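Reading through the structure tokens given below for one structure.
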Amino acid sequence: MKQLATTVLLVATLAIGSATAGAVFDRPCPTDIEAKLYFNVDAYLGKWYELQRYESEFELNYDCIQVRYGLNEDGSVSVSNSGYNLFNSSTTNALGRAVLSFPDEEILQGKLNVSFFGAPNDRSNYWVLETDYETYSLVWSCEPLEDERSEESFWLLSRTPTLTTDRDDLFRIQSIIRRYIDRRQIRFTQQLDSRCPEF
């Protein structure tokens, strides 16, 4: 299929990365959020499809969002976020870099610093709350704002364009969402439209 898409490069994260535009809450960042323990970076690498998110200005009107994680020579993780706008047939790609937030911990947590386009890589802004590495991943981030407010980001990722139907997996996913995520803020990402390209 011939793709009639123009490429738009955002000077910000497309789907995963710094939490500079997400859902705004009239409260500070929660302090009871628990990231995944014994996190395995190598198992997390590869391609993921975004299925749900908190809407942000950087993803506004974008669907078909995919992210690829790879290993750089220096041990950091390469990040490539791509998306397709079903309204105007434009594509976007954001390239970034991720490192473990606390690499010297005896028990590694799923907390990473993600930055794009050479921005400083000094904030723990990508927390993997739960993943089985082969099927799904739930990711959260929070940025404090003035006046005791906060801006949160949330993504449900899948190794395939559709969510798993495994009951145990669905139970774990819904348990995390019920515990930490405001369902009223969730936006479902279209992955099954025939126009969605493979990035």
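None of these values were measured; they are calculated from a predicted model. Below, each value reflects all heavy atoms present in this structure, side chains not excepted, and no hydrogens, waters or symmetry copies.
Legend: residues meeting salt bridge (charged side-chain N to carboxylate O under 4.0 Å, His left out) with Arg184, ordered by chain and number and at least two apart, are Asp182. In terms of the salt bridge (charged side-chain N to carboxylate O under 4.0 Å, His left out) criterion, residue partners of Asp193 (sequence neighbours excluded) are, by chain and number, Arg195. In this structure Ser80 satisfies the side-chain hydrogen bond (donor to acceptor under 3.5 Å, both in side chains) test together with Asn93, sequence neighbours excluded. Residues meeting the side chain to side chain contact (heavy atoms under 4.5 Å, CB included) test with Leu60, sequence neighbours left out: Glu55. Looking at residues two or more places apart in sequence or on another chain, you find a ring-ring contact (aromatic ring centres under 6.0 Å, His included) between Phe154 and Tyr54. Contacts of Asp168 classified as side chain to side chain contact (heavy atoms under 4.5 Å, CB included), with partners at least two apart in sequence or in another chain: Asp166, Arg172. Taking the side chain to side chain contact (heavy atoms under 4.5 Å, CB included) definition, one finds that Ile176 meets it with Leu129, Glu130, Leu138, Tyr180, sequence neighbours left out. Applying the side-chain hydrogen bond (donor to acceptor under 3.5 Å, both in side chains) test to Glu105 and every residue at least two apart in sequence or in another chain returns Gln109. Thr135 is linked by a side chain to side chain contact (heavy atoms under 4.5 Å, CB included) to Asp132, Thr164, Asp169, counting only residues two or more places apart in sequence or in another chain.
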Under the side-chain contact (heavy atoms from CB on, under 4.5 Å) rule, what do Phe25 and Ser150 come out as? Steps first, then yes or no, please. CA-CA 5 Å; Phe25 294 92; Ser150 60; 3.9 Å; yes
Would Ile107 and Tyr38 count as a side-chain contact (heavy atoms from CB on, under 4.5 Å) here? Give the steps. CA-CA 6 Å; Ile107 299 175; Tyr38 301 98; 3.4 Å; yes
Might you work through the side-chain contact (heavy atoms from CB on, under 4.5 Å) test for Gln191 and Thr162, ending with a clear yes or no? CA-CA 7 Å; Gln191 290 287 0; Thr162 58; over 6 Å; no
Walk me through it: do Glu34 and Arg179 pass the test salt bridge (charged side-chain N to carboxylate O under 4.0 Å, His left out)? CA-CA 10 Å; Glu34 298 177 4; Arg179 186 172 179 187; 3.5 Å; yes
Go through the steps for Phe39 and Leu112 under the test side-chain contact (heavy atoms from CB on, under 4.5 Å), then give the verdict. CA-CA 10 Å; Phe39 185 68; Leu112 296 98; 4.1 Å; yes
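With hydrogens and angles ignored, the 3.5 Å screen pairs no side-chain donor or acceptor of Asn81 with any backbone N or O of Ala94. Remark: the backbone N or O of Gly70 is paired with a side-chain donor or acceptor of Ser78 at under 3.5 angstrom.
Tyr69 and Tyr126 have perpendicular rings, their planes meeting at more than 60° on a 0 to 90° scale where under 30° would count as parallel.
Sorted by first then second residue, the side-chain hydrogen bond (donor to acceptor under 3.5 Å, both in side chains) pairs that include residues 24-33, not counting sequence neighbours, are Arg27-Glu152. For residues 75-132, no pair satisfies disulfide (SG to SG under 2.5 Å), with sequence neighbours left out. Pairs engaging residues 84-97 under the salt bridge (Lys or Arg N to Asp or Glu O under 4.0 Å) rule: Asp74-Arg97 [sequence neighbours left out].
Counting all heavy atoms, side chain and backbone alike, Gln190 lies closest to Cys196 at O-SG, 3.9 Å. For Arg159 against Ala43, the heavy-atom pair with the smallest separation is NH2-O, 3.1 Å. Scanning both residues, Ser158 and Thr160, for their nearest heavy atoms gives OG-O, 2.8 Å. What you find for Pro161 and Leu51 is that their closest heavy atoms are O-CD2, 3.3 Å.
Considering OH of Tyr62 and OG1 of Thr91, their distance stands at 7.0 Å, rounded to 0.5 Å. Rounding to the nearest 0.5 angstrom, the gap separating the NZ atom in Lys36 from the OG1 atom in Thr131 is 7.0 Å. To the nearest 0.5 Å, atom CG of residue Leu170 and atom CG of residue Leu163 are 5.5 Å apart. The CD1 atom of Ile65 sits 9.5 Å away from the OG atom of Ser82 when rounded to the nearest 0.5 Å. In this structure, SG on Cys64 lies 6.5 Å from CZ on Phe199, to the nearest 0.5 angstrom. Annotation: the span from Leu86 atom CG to Asn61 atom CG amounts to 9.5 Å, rounded to 0.5 Å.
Following chains of ILVMFWY side-chain contacts shorter than 4.5 Å, one cannot reach Val99 starting from Leu108, and the two form parts of different hydrophobic clusters. One hydrophobic cluster holds both Trp140 and Phe188 under the rule that ILVMFWY side chains link at heavy-atom gaps under 4.5 Å. A continuous path of ILVMFWY side-chain contacts below 4.5 Å connects Leu156 to Ile186, so both sit in one hydrophobic cluster. The hydrophobic clustering, which links ILVMFWY residues whose side-chain heavy atoms are closer than 4.5 Å, places Trp155 and Val24 apart. Both Leu71 and Val128 are assigned to one and the same hydrophobic cluster, defined by single-linkage of ILVMFWY side chains at heavy-atom distances under 4.5 Å.
A cation-pi contact, defined as under 6.0 Å to the ring centre and within 45° of the axis, is absent between Arg68 and Trp48.
Across Gln66, Glu50, Arg53, a single residue satisfies side-chain contact (heavy atoms from CB on, under 4.5 Å) together with Leu157, and that is Glu50.
The environment of Arg167 atom CZ is sparse: at most 12 non-hydrogen atoms of other residues, nucleotides or ligands sit within 6.0 angstrom.
Taking the side chain as every heavy atom from C-beta outward, Gln52 and Arg183 never approach each other to under 4.5 Å. Counting only heavy atoms from C-beta outward, the side chains of Thr189 and Glu59 never approach each other to under 4.5 Å.
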